[in-house]
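Please read the structure below before turning to the comments.
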Number of protein chains: 2
Amino acid sequence: MSLDLSVDRSSPVPLYFQLSQQLEAAIEHGALTPGSLLGNEIELAARLGLSRPTVRQAIQSLVDKGLLVRRRGVGTQVVHSKVRRPLELSSLFDDLEAAGQRPATKVLVNTMVPATAEIAAALAVAEDSDVHRIERLRLTHGEPMAYLCNYLPPGLVDLDTGQLEATGLYRLMRAAGITLHSARQAIGARAATTAEAERLGEDAGAPLLTMERTTFDDTGRAVEFGTHTYRPSRYSFEFQLLVRP
Amino acid sequence: MSLDLSVDRSSPVPLYFQLSQQLEAAIEHGALTPGSLLGNEIELAARLGLSRPTVRQAIQSLVDKGLLVRRRGVGTQVVHSKVRRPLELSSLFDDLEAAGQRPATKVLVNTMVPATAEIAAALAVAEDSDVHRIERLRLTHGEPMAYLCNYLPPGLVDLDTGQLEATGLYRLMRAAGITLHSARQAIGARAATTAEAERLGEDAGAPLLTMERTTFDDTGRAVEFGTHTYRPSRYSFEFQLLVRP
DNA sequence: GTAGTTCGATTGTCCGGACATACGCATTGA
DNA sequence: TCAATGCGTATGTCCGGACAATCGAACTAC
């Protein structure tokens, strides 16, 4: 066995997490080749001086990520295919930055408006009560890529225009102590109106990719509702899915 | 405590699974109201005659589904928001049937063709080697909704045209003993070509929603590659996302 | 030679306990 | 009055063991 795994018991990092990270790194690095057996759990636990439940917890987390597959009576194998992150709840800003795209943001509108029926329903606030309205244009390489319109309930986040242009909305929300939990999302397409076309530098009637999203924090409160339109020539949604067993 | 939970030790169904199902049913049914505490794990285990690890395993599976939230020093709470399935690897056919839409399928093409470079790369087969090619039109209420073009490596599934029209491709694959594992997917938009417009009953240049997907089985083998186009007026992708902690 | 059987290996499930850690709240102190 | 401290409580982590279920392969019987 070539792998040199080890755990640091004095570290505050949980042992199962240390192990799962090392295994993940070994898979990423190629030390564990696709299709190879991982060796049985009992022996692995003995070799590391850990108990089997701890080793199992580490392995299970990688199974959940889709990197490993367990087979009763056979063993645990490394999956062949390369698995990307299975579609996180991520912001466009972070996605672009991770892709090395250097996103730029131009805040068009940052004000308070009375909530329409649709927005009030999405955010679970009273109709006509005041909510934040933010309109932004996202550019890459100086070209417009997406038009983002977001609504937030009042009093949650301090929406500074300068900060909005420097970072993403989700980062501001996390910095404000909001723990994002889930989002309901719809992706569609439609023809651009004249105003939309002008904003994005397209022709009227050109196909646009649209996304509507309501985000909830861990208490179930709706913390954001947004309607986004993307130029399909410059953006598409790409992600990896896993089957739930 | 009103909830009457119980487990059947003689059942072959795992105890933790019995418990998680009952809890999920209680949440769905409203017996466990959003925001309510679940009661501490120790007492719950004692009440059911189970050990704490077993109870924790049941709770954890619901946390992973996004139905519960754990807080150290506080307890386990039911999440407020309604959570749908977090975007399964599902087939269009199943989605429609679940929505009560009575999908109809018309198989336009079911043949073998030599693989182009793109298809060969996606399916990891040799270029120009034979692969299945299936073209289908999916209709709801007699109206075309999507045009599906799929490629499969040879010898995996028996692709009977009659069966393809009666059920979905994924069901056929599962029935053939293939265990679907993951898929890489891209959603975009573009203007319809004349041929596409005619097939779907739209005008040329009308916006179309597009999806490209490669599906892998649990050994990492690519088992399907497809390019689909949808009429955006009749279909959009809707799903729930969870943040990964 | 082929089909059925047995058996070893490995994961799946479950137990009962132990200590660490973080949160909320009451108490205490300035 | 307000802030710092301490405590109870709940989850987080970890242990060592036990038995069951399943897979694959070697073996046996026909």
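Computed from heavy atoms alone, side chains included, the values below leave out hydrogens, waters and symmetry copies. A note on names: the letters A, B, ... follow the listed sequences, proteins ahead of strands, and every chain is numbered from 1.
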Output all residues satisfying side chain to side chain contact (heavy atoms under 4.5 Å, CB included) with [X], sequence neighbours left out; order by chain, then residue number.
{"X": "A:Ser129", "value": "A:Val125, A:Ala126"}
{"X": "A:Arg70", "value": "A:Glu41, A:Arg56, A:Ile59, A:Gln60, A:Val63, A:Thr76"}
{"X": "B:Ser51", "value": "B:Pro53, B:Thr54"}
{"X": "B:Asn40", "value": "B:Ile42, B:Glu43"}

Non-neighbouring partners of A:Glu118 that pass salt bridge (charged side-chain N to carboxylate O under 4.0 Å, His left out), sequence neighbours left out: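 By the salt bridge (charged side-chain N to carboxylate O under 4.0 Å, His left out) rule, A:Glu118 matches no residue at all.
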What residues form a side chain to side chain donor-acceptor pair (under 3.5 Å) with [X], not counting sequence neighbours?
{"X": "A:Asn110", "result": "A:Thr161"}
{"X": "B:Arg221", "result": "B:Asp217"}
{"X": "B:Asp218", "result": "B:Thr179"}

Toward the 5' end of DNA chain C, by each residue's nearest nucleotide, A:Pro12 or A:Ile42: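 With A:Ile42 and A:Pro12 compared, the 5'-side residue is A:Ile42.
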Within residues 52-63 of chain A: residues closer than 4.0 Å to DNA chain C (heavy atoms):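 Of all residues in residues 52-63 of chain A, the ones placing a heavy atom under 4.0 Å from DNA chain C are A:Arg52, A:Arg56.
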Over all atoms of both residues, closest heavy-atom pair of B:Glu135 and B:Cys149: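 That would be CG-SG, 4.1 Å.
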Terminal contacting nucleotides, 5' and 3', DNA chain C versus chain A (heavy atom, 4.0 Å):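 Listing 5' to 3', DNA chain C meets chain A from C:dA9 to C:dT13.
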Cut-off 3.5 Å, no hydrogens considered: what does the side-chain donor-acceptor table look like for residues 11-20 of chain A, sequence neighbours left out?
residue, atom, partner, partner atom, Å
A:Ser11, OG, A:Val13, N, 2.9
A:Gln18, OE1, A:Asp8, N, 2.8
A:Gln18, NE2, A:Asp8, O, 3.0
A:Gln18, NE2, A:Val13, O, 2.9
A:Ser20, OG, A:Phe17, O, 3.1

Short heteroatom pairs, N/O only, protein and nucleotides 23-28 of chain D, under 3.5 Å:
residue, atom, partner, partner atom, Å
D:dC23, O4', A:Arg72, O, 3.1

B:Gln77 CD - D:dT11 P separation (whole Å):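 It works out to 11 Å between those atoms.
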